[in-house]
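Here's the structure we're looking at; comments come further down.
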Number of protein chains: 2
Amino acid sequence: MTVVQVAKSSRRVGSAGVAACEAEDGHLRPDGQDQYTISEVAGFTGLSAHTLRWYERIGLMPHVDRSHTGQRRFSNRDLDWLAFVGKLRLTGMPVADMVTYAELVREGDHTFAQRRAMLESTRCDVLQRIAELQDTLTILDHKISTYAGAQCAPERTA
Amino acid sequence: MTVVQVAKSSRRVGSAGVAACEAEDGHLRPDGQDQYTISEVAGFTGLSAHTLRWYERIGLMPHVDRSHTGQRRFSNRDLDWLAFVGKLRLTGMPVADMVTYAELVREGDHTFAQRRAMLESTRCDVLQRIAELQDTLTILDHKISTYAGAQCAPERTA
DNA sequence: TGCTTGCCTGGAGTGCACTCCAAGGTCTTA
DNA sequence: TAAGACCTTGGAGTGCACTCCAGGCAAGCA
């Protein structure tokens, strides 16, 4: 069932906005900058620098430019991609599947159908997950109200 | 590589119904039976027998009766508890926290306030998670419609 | 020139939640 | 009575997603 468990660590993956379309052009940020160090990107995304390097190593980051000294220089497009990956991560999709998706993106436009199928399958998972969580919420509410009723001190009459 | 491994094992944790209240009495199943072997419970819950033993070992199963030969005999109350644990698991709550909750239950009624606080915190997590997933859904839908538009063959005009 | 800070790499380590194993005891059916 | 399915235990192993480490390079500043 793939119980997710994202949680912890101030995640700000979504900060790069809703765009996150690997086929779109890298639109510049307000300050016009389009070069970010790994620690800047770590700050933007909430991912650690380690994790960003690891993402690149396993093929989840398509390709990151380098400075003349070999240091990574992330672009706005990279940030958009990371934001999208963050969303996929929230769905509970395994990293291996995200890598598969990234490979399809790299292969070009003829993989549109496959990509779409993956996303539609993910969409179903998300819908199911939301339903599960809402069901769980009902049970939690029931239990919480039981506890609330059982506590003699009505410090908060719900 | 690419180990696609989504959603295995038919989970039927919720089969015990919405009850799942550790303070309630063990209401009998329609067949009047109240003794289940570990493999039966594994079948009911979708958890493996290994996992059920492990749950007991770490203190997540309060106490399971034994037959005269030492084999586990799960009761309806155990099933209810497992159903509730399954719900907590769906929320992404770590097993360690669930063990803490189980310990509070074992300690008796004077831990009601703490238990309630835990559940309320979990409730908040669930609400946040649902919001995240709904946000993700929006993005998935946007992307899927992009792909749908890009595919020349309109075999399914959405 | 030396110090600090930030970055690089491959590989090893971590934490979680199981999952399996070996070796043996028990139950059920023929 | 015997075969085979099912159960027991503690401890080791697995897979995932990071997370850290050692050793080293490069830039900026006093």
Side-chain angles (χ1 to χ4, degrees), chain A residues 1-11 13 35-61 63-74 78 82 85-86 88-102, chain B residues 1-9 11 13 35-61 63-74 78 82 85-102:
Chain A
M1 181 165 283
T2 317
V3 174
V4 184
Q5 185 192 4
V6 182
K8 291 81 179 178
S9 73
S10 61
R11 286 280 145 71
V13 175
Q35 299 257 80
Y36 309 94
T37 66
I38 197 165
S39 58
E40 282 173 328
V41 175
F44 294 155
T45 60
L47 299 166
S48 72
H50 298 299
T51 301
L52 289 169
R53 291 192 201 101
W54 179 65
Y55 275 9
E56 193 184 3
R57 197 171 1 162
I58 63 174
L60 187 49
M61 274 304 297
H63 169 78
V64 182
D65 285 343
R66 301 291 179 129
S67 72
H68 66 104
T69 56
Q71 296 194 356
R72 286 172 185 80
R73 291 294 175 260
F74 291 78
D78 293 330
L82 283 171
V85 164
L88 289 184
R89 225 162 48 101
L90 283 178
T91 70
M93 181 188 274
V95 167
D97 288 5
M98 294 193 263
V99 171
T100 302
Y101 185 87
Chain B
M1 52 184 294
T2 315
V3 183
V4 182
Q5 177 202 0
V6 193
K8 45 267 160 175
S9 77
R11 283 279 145 72
V13 175
Q35 300 257 82
Y36 308 95
T37 65
I38 198 165
S39 58
E40 281 172 329
V41 176
F44 294 155
T45 61
L47 300 167
S48 71
H50 297 300
T51 301
L52 289 169
R53 290 191 200 103
W54 179 66
Y55 275 8
E56 193 184 5
R57 195 165 11 155
I58 64 175
L60 186 50
M61 274 304 296
H63 168 76
V64 182
D65 286 341
R66 302 290 179 130
S67 72
H68 67 104
T69 55
Q71 296 195 353
R72 286 172 185 81
R73 292 291 176 261
F74 291 78
D78 294 330
L82 283 171
V85 164
K87 290 295 174 193
L88 290 184
R89 224 163 50 101
L90 283 178
T91 70
M93 181 188 274
V95 167
D97 289 3
M98 293 194 265
V99 171
T100 302
Y101 186 87

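Note that the structure is predicted; figures quoted are calculated from it, not measured. The chains referred to below are lettered A, B, ... by the order of the sequence lines, with proteins before strands, and numbering in each begins at 1.
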Under 4.0 Å between a side-chain N/O of [X] and OP1 or OP2 of [N], yes or no?
X: B/Thr51; N: C/dA17; result: no
X: B/Arg73; N: C/dC27; result: no
X: B/Ser39; N: D/dC7; result: yes
X: A/Thr37; N: C/dC7; result: yes
X: A/Tyr55; N: D/dC18; result: yes
X: B/Arg72; N: D/dC7; result: no
X: B/His50; N: D/dA12; result: no
X: B/Arg89; N: C/dC18; result: yes
X: B/Arg66; N: D/dT9; result: yes

Separation of B/Met98 atom CE from C/dC16 atom P, in whole Å?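 Result: 12 Å.
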Any side-chain heavy atom of [X] within less than 4.5 Å of one from [Y]?
X: A/Thr37; Y: A/Arg73; answer: yes
X: B/Leu82; Y: B/Phe44; answer: no
X: A/Leu88; Y: A/Asp97; answer: no

Heavy-atom nearest nucleotide on DNA chain C for B/Ala96 versus B/Ser67: which residue maps closer to 5'?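 The residue mapped nearer the 5' terminus is B/Ala96.
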Assuming nearest nucleotide by heavy-atom distance, tell me which of B/Trp54 and A/Ala49 is located more 5' along DNA chain C.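 This one resolves to A/Ala49.
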If you take atom types as modelled and just measure distance, does the side chain of A/Arg57 reach the base of C/dG11 with a donor-acceptor pair under 3.5 Å?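 Yes, the side chain and the base share a sub-3.5 Å donor-acceptor pair.
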